[in-house]
Amino acid sequence: MKVTVVGAGAVGASCAEYIAIKNFASEVVLLDIKEGYAEGKAMDLMQTASLNGFGTKITGITNDYSKTANSDVCVITSGIPRKPGMTREELIGINAGIVKSVSSSLIEFSPKTIIIVVSNPMDTMTYLVHKSTKLPKNKIIGMGGALDSARFKYRLAEALGGPISDVDGMVIGGHSDTGMIPLTRLATRNGVPVSEFLSEERLNQVLEDTKVGGATLTKLLGTSAWYAPGAAVSGMVQAILCDTKKVFPVSALLEGEYGYNDICLGVPVVLGKNGIEEIININLNDAEKATFEESAKGVKAVNDLL
Ligand SMILES: NC(=O)C1=CN([C@@H]2O[C@H](COP(=O)(O)OP(=O)(O)OC[C@H]3O[C@@H](n4cnc5c(N)ncnc54)[C@H](O)[C@@H]3O)[C@@H](O)[C@H]2O)C=CC1
Ligand SMILES: O=C([O-])CC(=O)C(=O)O
């Protein structure tokens, strides 16, 4: 199974590394526009193969899409990341052009591929790929909710003072500082609602910390995060290539689901060999529906800038 990762920067390289370490793909092609950069990252990563014990072959390419031919999954991480104080939405001016041209080059050589969009503002970039490539809707998937949910679980475990493995929870809605919806009502500690352990005030703090998870790291790092984003993407690629049918919240094109149309927004889906195999319609309460509506309005406003 062949995976192409476009953008050999922080997220692209992390994603390639996690895919290789998990040993489920035969080949990862890293492609970047910067001369020699992907080749260097691929060589450095391949020199970890004997140390980390993986057999995946990682190759680096400078902008030659013929080398990406027949990829089963393509991941788009190319574009600029935000700096402290910026929103993801501010990246649209530069990233929209990059994502549009990259997706069309990928499809030229891998017409049957499944595309995972990472570049920000991710929901709008996912929508752009739908509009510009016209691939079937199950084959274009935005990564945001998998990462946001991992951050939600981290914050929940911190508040509970217990292991993350005891915690389950999901974040839906737009992948933005204001649009994320951590579903606190449905989060559990070993099957027990977390509200049994945490006050409303503490739970609200978890919710707010989760929503600004990306901004918090950007402030600390001077650029946005890469380890958890790379791990989130690799988990999604694994679910697709290994046809696991695992549930992830992803940015999916909605056609009536949740009462919305013509928008990509974070909702739970089943991932398998066909990409999005099913969109799961969970019953939201009135407050969650209202937040979802606000989130959709925010994403729509950014889509309108395209
Ligand atoms: N959806 C999500 O949850 C997340 C999204 N991101 C987004 O991912 C993107 C990448 O972030 P980083 O890896 O930190 O940035 P980075 O700057 O480290 O890497 C981006 C790479 O893209 C390359 N690139 C630019 N234009 C290109 C083109 N036309 N073709 C091929 N390569 C091109 C650059 O040369 C660079 O190496 C950003 O837009 C960031 O906001 C980052 C983390 C999480
Ligand atoms: O915060 C950012 O700009 C990058 C990103 O999407 C995240 O880490 O959630």
Side-chain angles (χ1 to χ4, degrees), residues 11 76-77 79 81-82 86-93 95-96 99 115-131 137 140-153 155 169-187 206-218 224-225 228-229 232-233 236 247-269 276 279-282 284-306:
V11 176
I76 303 180
T77 76
R82 64 173 157 167
M86 289 174 76
T87 64
R88 296 176 179 87
E89 290 73 22
E90 287 174 66
L91 306 173
I92 188 173
N95 287 356
V99 169
I115 294 184
I116 298 180
V117 182
V118 182
S119 311
N120 274 313
M122 182 277 296
D123 298 289
T124 296
M125 294 302 102
T126 307
Y127 180 74
L128 173 65
V129 175
H130 274 288
K131 288 289 164 192
K137 66 177 255 181
I140 300 169
I141 312 169
M143 192 291 285
L147 169 64
D148 302 333
S149 301
R151 289 181 176 150
F152 184 34
K153 289 180 232 184
R155 289 297 183 189
M170 186 165 58
V171 177
I172 61 169
H175 181 62
S176 71
D177 297 343
T178 51
M180 271 175 222
I181 310 169
L183 291 171
T184 49
R185 179 178 64 91
L186 301 177
V206 166
L207 181 138
E208 293 305 330
D209 288 345
T210 301
K211 287 171 71 173
V212 296
T216 302
L217 284 161
T218 303
S224 54
V233 175
M236 289 167 58
V247 172
F248 287 89
V250 306
S251 192
L253 183 70
L254 301 184
E255 289 179 326
E257 295 90 353
Y258 292 82
Y260 292 83
N261 276 295
D262 197 35
I263 189 167
C264 291
L265 213 49
V267 292
V269 307
I276 297 176
I279 294 179
I280 300 172
N281 236 317
I282 46 175
L284 300 177
N285 67 22
D286 287 347
E288 290 157 353
K289 276 185 195 154
T291 326
F292 197 84
E293 188 172 342
E294 280 308 304
S295 185
K297 269 189 204 154
V299 171
K300 172 83 172 57
V302 186
N303 291 352
D304 288 344
L305 299 174
L306 284 174

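From a predicted model like this one, the values you see are computed outputs, not experimental measurements.
- Under the 4.5 Å side-chain criterion, counting only non-hydrogen atoms from C-beta, Glu255 is not in contact with Asp262.
- Here the side chain of Glu288 pairs a donor or acceptor atom with the backbone of Asn285 at under 3.5 angstrom.
- In this structure a side-chain-to-backbone donor-acceptor pair under 3.5 Å is missing from Ser295 to Gly173.
- In this structure, the side chains of Tyr127 and Val302 stay at 4.5 Å or more apart for every pair of heavy atoms.
- Using a 4.5 Å cut-off on side-chain heavy atoms (C-beta onward), Val118 and Val233 make contact.
- Ala228 approaches Leu147 most closely through the heavy-atom pair CB-CD1, 3.5 Å.
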Between Val267 and Tyr260, does the side-chain contact (heavy atoms from CB on, under 4.5 Å) criterion hold? Intermediate values first, please.
CA-CA 11 Å; Val267 292; Tyr260 292 83; over 6 Å; no

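- Here the side chain of Asp123 pairs no donor or acceptor atom with the backbone of Gly174 at under 3.5 angstrom.
- One finds the CG atom of Leu253 at 4.5 Å from the NE2 atom of His130 (value rounded to the nearest 0.5 Å).
- Side-chain contact between Leu217 and Arg151 is present, with heavy atoms from C-beta onward closer than 4.5 Å.
- Partners of Asp177 according to the side chain to side chain donor-acceptor pair (under 3.5 Å) rule, which considers only residues two or more places apart in sequence or in another chain, are Arg82, Arg88.
- Between the side chains of Asn303 and Thr124, at least one donor N or O lies within less than 3.5 Å of an accepting N or O.
- The number of heavy-atom neighbours closer than 6.0 Å to NZ of Lys300, taken from other residues, nucleotides and ligands shown, is 12 or below.
- Within the 4.5 Å cutoff, the side chain of Ile276 has heavy atoms near those of the Val250 side chain.
- In this structure the side chain of Leu284 reaches within 4.5 angstrom of the side chain of Leu183, judged on heavy atoms.
- The side-chain heavy atoms of Met170 and Pro268, taken from C-beta on, include a pair separated by under 4.5 Å.
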side-chain contact (heavy atoms from CB on, under 4.5 Å) between Leu91 and Met86, intermediate numbers included:
CA-CA 9 Å; Leu91 306 173; Met86 289 174 76; 3.7 Å; yes

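- Among the candidates Leu265, Ile116, Ile140, the single residue satisfying the side chain to side chain contact (heavy atoms under 4.5 Å, CB included) test with Thr126 is Ile140.
- For the residue pair Leu306 and Ala96, the shortest heavy atom distance occurs at CD2-CB, 4.1 Å.
- Remark: Lys153 does not engage Asp148 in a salt bridge, criterion side-chain N to carboxylate O under 4.0 Å.
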Kindly determine whether Val269 and Val247 satisfy side-chain contact (heavy atoms from CB on, under 4.5 Å), including the steps that lead there.
CA-CA 5 Å; Val269 307; Val247 172; over 6 Å; no

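- Side-chain N or O atoms of Asn261 include one that pairs as donor or acceptor with a backbone N or O of Gly256 at under 3.5 Å.
- To the nearest 0.5 angstrom, Asn120 atom CG is 8.5 Å from Met125 atom CE.
- In this structure the side chain of Thr184 reaches within 4.5 angstrom of the side chain of Phe152, judged on heavy atoms.
- The CG atom of Leu186 sits 6.0 Å away from atom CD1 of Ile282, with the distance rounded to the nearest 0.5 Å.
- Note that the CD1 atom of Ile172 and the CE atom of Met180 stand 12.5 Å from one another [nearest 0.5 Å].
- Interatomic distance, CE of Met143 versus CZ of Phe248, reported as 10.5 Å (0.5 Å rounding).
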